[in-house]
Protein chains: 4
Amino acid sequence: MLNFALIGAGRIGVSHASLIANHPRARLAAVIDADAKAAASLASRFSAATMNWAEALADPAIDAMLIASSTDTHAGFIEDAARAGKAILSEKPIDLSLDRIDRCGAVVTETKARLMVGFNRRFDPHIASLKARLDDEAIGRASQILIINRDAGAPPPEFLRRSGGIFRDMAIHDYDLACHLFGAAPVAVHAQGSALVDPGAASCGDYDTALTVLTMADGAQAMIANARCARFGFDFRLEVLGAKGVLRLDNPRETTLIEADAAGVRQAKPPQNFFARFETAFARQLDAFIDAIIAGHSPPSDFADGRTASAIAEAAAKSATTGTPILLDRKDGLIILKLQK
Amino acid sequence: MLNFALIGAGRIGVSHASLIANHPRARLAAVIDADAKAAASLASRFSAATMNWAEALADPAIDAMLIASSTDTHAGFIEDAARAGKAILSEKPIDLSLDRIDRCGAVVTETKARLMVGFNRRFDPHIASLKARLDDEAIGRASQILIINRDAGAPPPEFLRRSGGIFRDMAIHDYDLACHLFGAAPVAVHAQGSALVDPGAASCGDYDTALTVLTMADGAQAMIANARCARFGFDFRLEVLGAKGVLRLDNPRETTLIEADAAGVRQAKPPQNFFARFETAFARQLDAFIDAIIAGHSPPSDFADGRTASAIAEAAAKSATTGTPILLDRKDGLIILKLQK
Amino acid sequence: MLNFALIGAGRIGVSHASLIANHPRARLAAVIDADAKAAASLASRFSAATMNWAEALADPAIDAMLIASSTDTHAGFIEDAARAGKAILSEKPIDLSLDRIDRCGAVVTETKARLMVGFNRRFDPHIASLKARLDDEAIGRASQILIINRDAGAPPPEFLRRSGGIFRDMAIHDYDLACHLFGAAPVAVHAQGSALVDPGAASCGDYDTALTVLTMADGAQAMIANARCARFGFDFRLEVLGAKGVLRLDNPRETTLIEADAAGVRQAKPPQNFFARFETAFARQLDAFIDAIIAGHSPPSDFADGRTASAIAEAAAKSATTGTPILLDRKDGLIILKLQK
Amino acid sequence: MLNFALIGAGRIGVSHASLIANHPRARLAAVIDADAKAAASLASRFSAATMNWAEALADPAIDAMLIASSTDTHAGFIEDAARAGKAILSEKPIDLSLDRIDRCGAVVTETKARLMVGFNRRFDPHIASLKARLDDEAIGRASQILIINRDAGAPPPEFLRRSGGIFRDMAIHDYDLACHLFGAAPVAVHAQGSALVDPGAASCGDYDTALTVLTMADGAQAMIANARCARFGFDFRLEVLGAKGVLRLDNPRETTLIEADAAGVRQAKPPQNFFARFETAFARQLDAFIDAIIAGHSPPSDFADGRTASAIAEAAAKSATTGTPILLDRKDGLIILKLQK
């Protein structure tokens, strides 16, 4: 049984609370949020206590912290929890700045923290089944990966303004996924973005339509298409080409219903947002975290994974601004950006 | 909060136990089974007590009985629970004999029992979405319904021998579904069966391949295909034709993965058995039962529905034996069989 | 090179004319129609002559007759052509009456006529690929066949009145197909029909919604659903279940285009009528006829096939009227109907 | 009636010959090929004459030249035919060198030649239906286009060596298609290629796996994925995202057959090569050419289109070599490459 304190009682926090509360090997012990009302309401719904952060850190009955607060607080909370010896499951990204991430990383290393960064997609059953076939060498070595990841609409400008932009907020999942599938980080990143459909994106200096090309050391390639205007629902598709064949994931549909009449033939829409699409993935991610902590293993999708995805996002953002590909290198085991390709 | 006693710790009982235990408005209070070891093991897994049937009936803390024991015990347990004033959720069928069902019905009526018969398919989200569109008059009045319902393989002879045969055990779900979609019971039933693939079916005098045609009073038709040899998985499909269009449900697939290579293009299989296919339906069925009982409403899919499906199954079995359609009539509000069409 | 005379310059005749004219081993020599204007117009389009029937029979330059005139003239024209020693490709059915068919058959036998009855579906590439896999024993022996065959709308009453009814006009294709797939004729036929959507059908005493169940000697079953109201297009689907697996054909779509927006996800419609759907089948049927005649082989889908499908249609019509299954037997090698099952 | 001389009796020439011979408004008058045997064999098959190039140019009975010879001869034959006043349908590309193309263009302009460059995909019914919906503004302005275009296997090294490389030989179709869909040429091209699966590609200095990103003046983007190892067949898919929705084309399949058994669920493969996939497109392309020439209109997909696609291919090849995006500009109405972005 793992006792969790959850920090962050916003939309994603509510989902995590429910998953913890319904998990057979977990208990939601405490909810923490600067908004005391939100914390109390969520805590009471699952018979949890409310605490402040210092109390939770000090409470020996609390085994693990689930960090679902705003992005700019992740790194600090990770450091605190690491020093308090708590197991940590943090929402991505670790931070919007690679420098800040590296300072956080120093604490994680020093404290040998048991930390998992929430790249939930790795735990999606569809993606996991594709990865399993890839690992089985069903198609040989991956030579070309395509990821399409589009929201049904743009988030509000107040969200966009603090999100770090489409590459750090949205494409970061796809960067992690590409690294996960290739089993390696890229050596070059080329990206470009435009603000074509959402006035909010333009006003924030963000993009709503973006492409990223990742180049791997062995010449394999990934192409990632992001957008904020897939009006029919959350549009997430993936394919991996190898020398022997191809593995493809299409969008699931809400039901298998087909409706056909004189006006045409219609199928059910896909899930309408990432949370509906990755509901099972969030549950399995929690499961994997709990299993690893209880078994004393290091959790999958760790700090290094979180840092790599952020480094790629930083390179993509730079590439889109400068108009040139960004080469990546390693220094002391860490990925660094070289400007001129 | 509804406190359940579960009778029957077999395969389907285990599933019901887990659903009750995980339900936010239900508690698994007791498990009952002639096999004391099975009862104890299941009870301990969900922190429930073990009891015998008489104790459960007498226990005022128990609100509802979930009957998941063998078919020949359903009617008796329903009568006992009805007399004890418990809410009842019983697996189908009520009994294999229409006479026995009618005696049970007298008790249900007399005690005004709150009884739900577990036709889980009505609660499947795919089927529910089709029904909703039908009720919206998206295709006009239903004129022709096709149901394909096939198991991946045949059950063992010891199950078949006590199952009542393919019409009473398997097609009964489809009969209920056809009535549910049409909103009425048929006026004639024509069925035929063969034992073509499963030696067990032949040895038990049962069929493994069967067709049923239902005729409605208004001339609408339903065609039901059953079989025990859909080797690729549980094969359940449905379509409803109306004057304005058609509504179709295909099999869901375990994932959306497509794998393509020189050998061909393969998609993921459908769920492998009815329980995997209708997992969500079982959960929603329990939900609907709990909601109805707590709200004091009569539950959906009640005794009359259970009796109607059994009457159709009896007619189908008779039709398959005699080689002629069986006309149905009503007497005192109950469906009766007329032999000669 | 095979020289054809075409009798019948109606809609289906125009299609046959075009196929003959474009065939590398055929020539359209003559067009014959009581409507001289229609004959002349069609003949001039493909540089053919116009003739009357007697002239065509007498013309030694004409090798083959393609009979695409109205149904009630088929048998007479077949007899004439048989006696004149012409090869014959006739549209189905041979006649609406089994007695008339048998008299025609006597002439065909006596003259050893090279006759093919146009069950074009056997030549559809989709169906042919399914049949090939069935013959490869990909799924074992066929135990259950389902055929869905629905027009997008009802033909005009003047057509219906002379069509012989939905079983003889429409389902006859499916009866032939079931026999073709099973490699045998059924031993019993149960059918029922209703007039639910088309006032024209009701006024003609015809049905617009029909089901037929065929029973084979070995217990295998076929279930055929017909209707005249598949508003989205011509709806023709087929599946064959065997002990080892299933073979399914879905509707082709006009294009693979998917259009998705806030209103939903739409796919292209299937072909809108049987001719668009079976365009390739008509061409391959002609090909098979020409190949057989040139090679001196007897053509596939011969008089006996045509007679069998008509006998099943007659049984179906009788079953729908009497409400009882019709048993089929053989006498002198011919299928006969026994009323009481 | 348009009389054609066909130059080039190779594989693609044979296809063009057959299409011309079967076209109601065309006649194959002459076949020309340096390989006299190949020319004679093809000519006799369609009752055409054989000629040499000079004879064909001089023959007033010949209206149009179909140029299906090797790529390095296209520009010269176009110039000759233009000067002889013949209508011209030439296979793509005009030449592998942009300089040579421009010299050819001068002749085309000076002679006002009626020239069509064979970008057959524009005439594919699937693509045409997508384009029609785009023109209907079904999804608003196109913001992101994805094209996947992969051969089932690599051509032999002797072909690759003279092909101009994957960008000029294969992706050129996709560049034309992107321009056709956007209605404009890009302002920047970024491409990269690897030789990962085909030893032949590596040995020729060519790539077998390539990505191209096109940037439009308004910020819209196209992403093109090419490869030579889609082992299951010719893999051509396309999607266009707009502010209001998305239009997608999936691969057609050879039949709609689904085969399902214990080993899995299999669907039919797509067409195995570009010619099988675009058979109808080739026919409709010829149709469009003939219609335009007979009507005195300039044919669709003209010299300027051919030059634009070649300019993009040249930019892509340069980008893949230099590792930087290539900016495109216009000078005297022609697209020119600027190296440094």
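Small disclaimer: the values here were computed from a predicted structure and weren't measured. Computation of the quantities below employed the complete heavy-atom set of this structure, encompassing side-chain atoms and omitting hydrogens, waters and symmetry-equivalent molecules.
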inquiry  = I need the residue from A/Arg228, A/Met223, A/Arg231 with the largest number of non-hydrogen atom pairs under 4.5 Å to chain D.
reply    = A/Met223
key: Greatest number of heavy atom pairs closer than 4.5 Å to chain D - which of A/Ala230, A/Ala210, A/Ala220   = A/Ala210
request  = Compare every heavy atom of D/Gln192 with every heavy atom of A/Val213, then report the nearest pair and how far apart it is.
outcome  = CG1-OE1, 3.4 Å
inquiry  = Taking side chain as everything from C-beta outward and backbone as N, CA, C, O, which of these in D/Asp218 sits under 4.5 Å from a heavy atom of chain A? Side chain, backbone, both or neither.
reply    = backbone
ask   = What residues of residues 236-250 of chain D sit under 4.5 Å from chain A when only non-hydrogen atoms are counted?
value = D/Arg237, D/Glu239, D/Leu241, D/Gly242, D/Ala243, D/Lys244, D/Gly245, D/Val246, D/Arg248, D/Asp250
task = Tell me the residues of residues 142-162 of chain A whose non-hydrogen atoms fall below 4.5 Å from those of chain D, in number order.
result = A/Ser143, A/Gln144, A/Leu146, A/Ile148, A/Arg150
query = Is A/Glu279 atom CD crowded by more than 12 heavy atoms from other residues, nucleotides or ligands, each under 6.0 Å away?
reply = no
remark   = The interface call for A/Ala222 against chain D, heavy-atom contacts under 4.5 Å, is backbone
query = If we only count heavy atoms from C-beta on, is the D/His190 to A/Pro325 side-chain gap below 4.5 Å?
reply = yes
query = Who are the ring-ring contact (aromatic ring centres under 6.0 Å, His included) partners of A/Tyr207, not counting sequence neighbours?
reply = A/Phe167
remark   = In terms of heavy-atom pairs under 4.5 Å with chain A, the winner among D/Asp235, D/Val197, D/Thr209 is D/Thr209
inquiry  = At a heavy-atom distance under 4.5 Å, which candidate from D/Ala225, D/Gly193, D/Ala195 has the highest pair count against chain A?
reply    = D/Ala225
Partner set under side-chain contact (heavy atoms from CB on, under 4.5 Å) for A/Ala311, not counting sequence neighbours = A/Leu98, A/Arg307, A/Ile335
